[in-house]
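One is the number of the first residue; the rest follow in order along the sequence.
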Amino acid sequence: MGEDTSSELARTPWIASIGYISKSNWIHECMGSIIANNMILAPAKCIQDFGNFTQIKVGSQLLTLDSPVYDIASVKFHPEFNDNLDYNIAIIYTTEPIEFTDSIMPACVPQITKEHDALKRKAVLISYYSSMQLKLKLMPVNSIKYCQRFDYSFKSHHLCAGKVGGLGSPIVQYNLRIQPNFYQLIGLRIDEEDNEERGKTGFFIRLNHPKVLAFVLNALQQ
């Protein structure tokens, strides 16, 4: 049984669920973002202990329904990832090319670096799964000073924004002046959902940071 392309999936066709099948049911562990036909960005924490059973499910508005599933060929971790929130990003390579459709497409990634505060108070769109269903929400990026109040470990390669979402939830910025469907991936959530210690904020890795962007662009250019 297939599934219809909903408005949420049509707006964020790059989303992926990283998980596995258990007793014919899909078990969602975290989110990834398609950036090429064989590459998915995800938090390193989510995928560092992946097994042969771990797969990538794409094009899914509702995870209980059928949608394409791909096996993992290999994973490349950021060279400075050290088992905490620092440079918590990895690239997953699929064994087979991902077939693109209206509901399965890659996200645009930044091409130039920027200072953190260039994004403060900008509206971003976050994607996340709640009760196995894809949800979207607009929220603002917070300033670096605000973020540092919540956690001393906040670094220049981080962003913080609203509390919704889970591990790997992507945030994108859109520019309707370029074209209606232009969305640029600017961050992935790297902390767990509902972190009470940080109050009403979530931590994201910032893709346009020099060391993060170099890691992504080098992979795309190979």
Exercise for review: For side chain to side chain contact (heavy atoms under 4.5 Å, CB included), just list the numbers for Arg11 and Leu136, CA-CA rounded to whole Å, side-chain angles, deciding distance to a tenth of an Å, and then say yes or no.
Suggested key: CA-CA 9 Å; Arg11 290 178 69 190; Leu136 306 180; 4.1 Å; yes
Study note, to complete from the structure: What one should report as the nearest heavy-atom pair of Phe215 and Pro79 is CD1-CD, 4.0 Å
Exercise for review: Just grab all the ring pair (Phe, Tyr, Trp, His ring centres under 6.0 Å) pairs involving residues 44-77, residues at least two apart or on different chains.
Suggested key: Tyr20-Phe53
Review point. Can you tell if the side chain of Ile35 reaches within under 4.5 Å of the side chain of Leu220, non-hydrogen atoms only?
Key: yes
Study note, to complete from the structure: Gly32 and Ala42 have their tightest heavy-atom pair at CA-CB, 4.3 Å
Exercise for review: Assess whether side chain to side chain contact (heavy atoms under 4.5 Å, CB included) is satisfied between Leu188 and Ile89, documenting all intermediate values.
Suggested key: CA-CA 8 Å; Leu188 304 177; Ile89 191 168; 4.3 Å; yes
Review point. Does the pair Lys155 and Asp86 meet the rule for a side chain to side chain contact (heavy atoms under 4.5 Å, CB included), with working shown?
Key: CA-CA 8 Å; Lys155 306 284 177 53; Asp86 284 344; 3.3 Å; yes
Check your understanding: Tell me, do Ile72 and Ile47 make a side-chain contact under 4.5 Å, heavy atoms counted?
Key -> yes
Point to revise | Nearest-0.5 Å distance that lies between atom CZ in Phe204 and atom CD1 in Ile186 | key: 9.0 Å
Check your understanding: How far apart are the C-alpha atoms of His157 and Tyr87, what are their side-chain angles, what is the distance that settles it, and do they pass the ring pair (Phe, Tyr, Trp, His ring centres under 6.0 Å) test?
Key -> CA-CA 7 Å; His157 55 274; Tyr87 298 102; 4.0 Å; yes
Review point. Are Lys57 and Ser67 close enough that a side-chain donor and a side-chain acceptor fall under 3.5 Å?
Key: yes
Practice item. With the side chain counted from C-beta on, respond yes when Thr12 and Leu125 share a heavy-atom pair under 4.5 Å apart, and no when they do not. Key: yes
Exercise for review: If the plane angle is over 60° it's perpendicular, under 30° parallel, otherwise tilted; pick one for Tyr183 and Trp14.
Suggested key: tilted
Practice item. Please name the pair of heavy atoms, one in Gln148 and one in Phe154, separated by the smallest distance, quoted to 0.1 Å. Key: CG-CD2, 3.9 Å
**Study point:** Short N-O contact, Lys135 and Glu8, less than 4.0 angstrom
**Key:** no
Review point. Is any side-chain heavy atom of Leu159 closer than 4.5 Å to a side-chain heavy atom of Ile171?
Key: yes
Check your understanding: Is a donor on one side and an acceptor on the other found under 3.5 Å between the side chain of Ser131 and the backbone of Gln133?
Key -> no
**Study point:** Among Leu185, Ile92, Ile104, Ile56, the one residue meeting side chain to side chain contact (heavy atoms under 4.5 Å, CB included) with Ile34
**Key:** Ile104
Point to revise | Audit row: Asn82, Glu80, side chain to side chain contact (heavy atoms under 4.5 Å, CB included) steps and yes/no | key: CA-CA 6 Å; Asn82 56 4; Glu80 294 189 48; over 6 Å; no
Point to revise | Donor-acceptor contact below 3.5 Å, side chain Asp191 vs main chain Phe203 | key: yes
Check your understanding: Do side-chain atoms of Asn38 reach the backbone of Pro97 as a donor and acceptor pair under 3.5 angstrom?
Key -> no
Check your understanding: Are any of the side-chain heavy atoms of Pro110 and Gln184 separated by less than 4.5 Å?
Key -> yes
Review point. Cluster question for you: counting only ILVMFWY and a side-chain heavy-atom cut-off of under 4.5 Å, with indirect links fine, are Val75 and Ile205 together?
Key: yes
Practice item. Please list, chain by chain and in numerical order, all residues satisfying side-chain contact (heavy atoms from CB on, under 4.5 Å) with Gln55, sequence neighbours excluded. Key: Ile21, Trp26, Val69, Asp71
Revision key, fill the gap. Checking Ser169, Pro170, Ser33 against Ser127 for side chain to side chain contact (heavy atoms under 4.5 Å, CB included), the one that qualifies is Pro170
Point to revise | Leu138 and Val124, any side-chain heavy atoms less than 4.5 Å apart | key: no
Check your understanding: Taking atom types as modelled and ignoring hydrogens, do the side chains of His209 and Thr113 form a donor-acceptor contact shorter than 3.5 angstrom?
Key -> no
Point to revise | Shortest non-hydrogen contact from Met31 toward Pro43 | key: O-CD, 3.7 Å
Point to revise | Closest non-hydrogen atom pair between Tyr128 and Gly166, with its separation | key: CB-N, 4.3 Å
Review point. Hey, what do you get for CG (Leu9) to CD (Gln61), rounding to the nearest 0.5 Å?
Key: 6.0 Å
Practice item. Mind jotting down which residue pairs meet the disulfide bond (SG atoms under 2.5 Å apart) criterion with at least one end in residues 35-105? Sequence neighbours excluded, please. Key: Cys30-Cys46
Check your understanding: Going by heavy atoms in the side chains, are Ile15 and Tyr129 under 4.5 Å from each other?
Key -> yes
Practice item. State plainly whether one hydrophobic cluster holds both Val109 and Met39, where clusters connect Ile, Leu, Val, Met, Phe, Trp and Tyr through side-chain heavy atoms under 4.5 angstrom apart. Key: yes
**Study point:** Atom of Pro13, atom of Asp102 and distance for their closest heavy-atom approach
**Key:** CB-O, 4.1 Å
Check your understanding: Under 4.5 Å between side-chain heavy atoms, hopping through other hydrophobics if needed: is there a path connecting Phe100 to Val172?
Key -> yes
Check your understanding: Taking C-beta and beyond as the side chain, do Arg189 and Leu167 meet within less than 4.5 Å on heavy atoms?
Key -> no
Review point. Taking Ser22 for the side chain and Asn25 for the main chain, is one N or O donor matched with an acceptor at less than 3.5 Å?
Key: no
Review point. Linking I/L/V/M/F/W/Y whenever their side-chain heavy atoms sit closer than 4.5 Å, directly or via other members, would Ile18 and Ile27 fall into one cluster?
Key: no
